[in-house]
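Working notes for the structure below.
Quick note: residue numbers are just sequence positions, from 1. Excluded from the calculations below are hydrogen atoms, water molecules and symmetry mates; all remaining heavy atoms, backbone and side chain alike, are included.
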Amino acid sequence: MVKTLSKYIKEFTKDSILTPVFMIIEVICEMIMPLLMASIIDEGVENGNLNHIYKTGGLMVVCAVIGLLSGLLGAKLAARASAGFARNLRKGMFDNIQRFSFANIDKFSTAGLVTRMTTDVTSVQQSYQMLLRMCMRAPATLVIALFMAYNINKRITSIYFVAVIFLSICLFFIIRAGMKYFRQMFKMYDGLNESVQENVTGIRVVKAFVREEHEIGKFNKANKKLYDMSVKAESIVVTNMPLMMFTVYVCILLISWVGAHMIVSNELTTGELMSLLTYCMSILTSLMMVSMIFVMMSMSIAAMERIADVLTEEPTIVNPENPVFEVQDGSIEYRDVYFRYNMTSKEPVLKDIDLKIESGEVIGIIGGTGSAKTSLVNLISRLYDVTGGEVLVGNRNVKEYDLETLRNEVSVVLQKNVLFSGSILDNLRWGNKDATLEECREACKIACADDFIMEFENGYDTKIEQGGTNVSGGQKQRLCIARALLKKPKILILDDSTSAVDTATDAKITEGLKNAIPETTKIIIAQRISSVMHADRIVVMDNGKINGVGTHEELLNNNEIYRDVYESQTVGAGDFDEKGGAN
């Protein structure tokens, strides 16, 4: 874990090295001060030597200035190094996430990834800054102060050693007890973020069903769990402070009592006692700093482990050693394909799939909810890899292709349409960043989107809010179809992407696609038979298997599921899931 994260210090290595150096210089200057003060008291004040007072006072001013400058430089360098480290960690995670397959993302969850890039990184950033400053300053103060005190009086210094050993043992048990709670806390942050993300994303549905109280209750439950766990962790850690203060006061009392007796017996001077009391505070304060470091580190270790998990996660789908950079055509073939999302699942999602699609064909796929229609097409562009068998595109196994090449030739309009903040034109150019306005308009005309776009005051420069919340579901679907067309792919997959448009518009889009891109293989997943009935062939899916393949007329004659659905939709205006094929 440490080796993984240390790579991201990179250009801030120099700052990370110089910060402890300046901290040591600051500590040395601070530790010289009590000796100089003792000298002023013993040699200057008690003997009435003003010249000694002036000289020693001047040295104290010089030490104070050097210490101040060292502290300021150390603080600046530590802030720059920790902020840069955090920046590199976020960038490293974000870059690796972009390489993740759907299976990798499923493993971490969206909320979990967001927590790692925000809360966890902030925790590590704070700990690293403290590590650079306090982790060097505190031990250095402890060692130097003990050395100075030992040179002044060995007997009184033994009080320090007992206090240090006592506090070290207490600190060990406190940190050990608190660590398990901190690990659980970060997992609960995921749950809280997931609750917030789900609520904010679906706020319109929440309000439409008047479920605000339910969502508030769900959030409060997750928030309460996090609160309870935080209280448990903090209640253990805060015992460190009263223990520390108790030890400090006991040490001061013992040093004052023993020192007073030694002054009376001329074994110790007043100045030396003042120095010893100052060193006492320095030693115990440094121990307090060490305890704070351990508390912060115990909190951040769990965060570091979670960050390292993302950074070291290897994508389940990668390029082959010698990838193919050209897709010959849009032909597709499934050969004895089996697929499961989780290798521990008893039943595969897809099983015994054999299907051949010619380049340029229009294929309709219909089936009930859970029949694995989307899973079937996700294998074409290697969003997931098959568990068994193989999928071929352009007469080659998809695993042989360069991923970018393959996905540029397979354009997918997903079930959940996503638009990004920016203009309509910006969103369209996700399909082709160099597309001209005329090319964008042509794609929108095919997708039946040009008319409603031109009705907007700013036309194609109309701003889209994040997630496309200022356009209707049907408008969003048509914009996503136009965006996919701009890629000019060899394979176009429409995954239930016309469900929010009326039947007439659906028919126009289907006809437009057929005429505008005749050489592109078109796969249309739908619940409505009217969306696929004019396809060259229709695939009926049922429970992860192909139940039937044929034209509309053929399936009406020989496929019971298809016939039942057709009759329910044409006679009773029903949905696919009302009759055969539902599961």
Side-chain angles (χ1 to χ4, degrees), residues 98-99 325-330 332 359-360 362 377-378 380-383 393-394 401-498 500-501 505-506 508-525:
Q98 301 312 301
R99 297 169 53 236
F325 289 95
E326 184 180 355
V327 179
Q328 182 180 338
D329 55 42
I332 305 165
S359 183
V362 179
V377 298
N378 278 343
I380 297 172
S381 54
R382 283 197 80 193
L383 298 178
V393 170
Y401 287 111
D402 170 68
L403 279 172
E404 188 175 336
T405 300
L406 175 65
R407 289 173 183 172
N408 274 332
E409 296 293 354
V410 181
S411 200
V412 184
V413 183
L414 298 169
Q415 279 180 311
K416 188 176 180 181
N417 299 286
V418 177
L419 294 176
F420 298 89
S421 53
S423 68
I424 288 176
L425 209 56
D426 292 336
N427 273 275
L428 292 172
R429 283 175 175 156
W430 271 68
N432 179 4
K433 63 181 179 180
D434 300 318
T436 64
L437 176 59
E438 284 305 313
E439 288 175 324
C440 290
R441 286 203 66 179
E442 186 60 34
C444 286
K445 286 176 182 177
I446 297 170
C448 296
D450 184 65
D451 289 343
F452 78 77
I453 292 173
M454 296 309 294
E455 289 175 3
F456 293 137
E457 184 179 348
N458 296 316
Y460 281 79
D461 292 321
T462 300
K463 294 296 180 183
I464 297 291
E465 294 178 7
Q466 188 176 19
T469 55
N470 59 330
V471 291
S472 70
Q475 290 171 338
K476 189 188 295 186
Q477 285 187 335
R478 283 175 277 173
L479 286 172
C480 290
I481 292 171
R483 181 175 64 187
L485 287 173
L486 283 168
K487 287 182 72 173
K488 299 177 181 177
K490 287 186 169 66
I491 299 170
L492 175 65
I493 299 171
L494 304 179
D495 188 357
D496 207 15
S497 54
T498 57
V501 301
T505 304
D506 186 5
K508 285 181 184 178
I509 294 172
T510 304
E511 187 64 25
L513 292 174
K514 191 172 184 179
N515 296 330
I517 46 174
E519 295 180 0
T520 297
T521 304
K522 293 166 280 294
I523 299 176
I524 303 169
I525 298 176

List for me each residue that meets salt bridge (charged side-chain N to carboxylate O under 4.0 Å, His left out) alongside D506, sequence neighbours excluded, and say none if there are none. R528

Within a strict 4.5 Å, meaning less than it, do heavy atoms of the [X] and [Y] side chains meet?
X	Y	result
I491	T520	no
M454	R441	yes
I453	T462	no
T505	R478	yes
P489	V410	no
I464	N470	yes
I332	I380	yes
F325	L406	no

Separation between [atom1] of [X] and [atom2] of [Y], rounded to the nearest 0.5 Å:
X	Y	atom1	atom2	value
N378	D495	CG	CG	7.5 Å
L428	R483	CG	CZ	8.5 Å
E455	Q475	CD	CD	8.5 Å
S381	L383	OG	CG	3.5 Å
F452	C444	CZ	SG	7.0 Å
K490	E326	NZ	CD	6.5 Å

N408 and T405: side chain donor to acceptor below 3.5 Å: no

Decide whether D450 and Y460 meet the rule of one side-chain donor and one side-chain acceptor closer than 3.5 Å. yes

Could you walk me through whether N515 and I446 satisfy the side chain to side chain contact (heavy atoms under 4.5 Å, CB included) test, starting with their C-alpha distance in whole Å, then the side-chain angles of each, then the deciding distance to 0.1 Å, before giving a yes or no? CA-CA 9 Å; N515 296 330; I446 297 170; over 6 Å; no

On a heavy-atom basis, which atom in G394 and which in D329 lie closest, and how many Å separate them? CA-OD1, 3.4 Å

Considering all heavy atoms, the nearest K508-C448 contact: CB-SG, 3.7 Å

For L485 and S411: C-alpha separation, side-chain torsions, deciding distance, then whether side chain to side chain contact (heavy atoms under 4.5 Å, CB included) applies. CA-CA 8 Å; L485 287 173; S411 200; over 6 Å; no

Can you confirm whether K445 is buried at NZ, in the sense that more than 12 heavy atoms of other residues, nucleotides or ligands lie under 6.0 Å from that atom? yes

Apply the side-chain contact (heavy atoms from CB on, under 4.5 Å) test between L494 and each candidate in T510, I525, I523, V413; give the one that qualifies. V413

So, the side chain of [X] versus the backbone of [Y]: is there a donor-acceptor pair under 3.5 Å, distance only?
X	Y	answer
K463	I424	no
T521	G330	yes
R407	R382	yes

Evaluate the side chain to side chain contact (heavy atoms under 4.5 Å, CB included) criterion for residues N427 and F420: first the C-alpha distance (whole Å), next the side-chain angles of each, then the deciding distance (0.1 Å), finally the verdict. CA-CA 6 Å; N427 273 275; F420 298 89; 3.9 Å; yes

Kindly list each side-chain donor-acceptor pair under 3.5 angstrom involving residues 429-439, sequence neighbours excluded, with atom names and distances?
| residue | atom | partner | partner atom | Å |
| --- | --- | --- | --- | --- |
| R429 | NE | A435 | O | 2.9 |
| R429 | NH2 | A435 | O | 3.2 |
| N432 | OD1 | D434 | N | 3.1 |
| T436 | OG1 | E439 | N | 3.2 |
| E439 | OE1 | T436 | N | 2.9 |

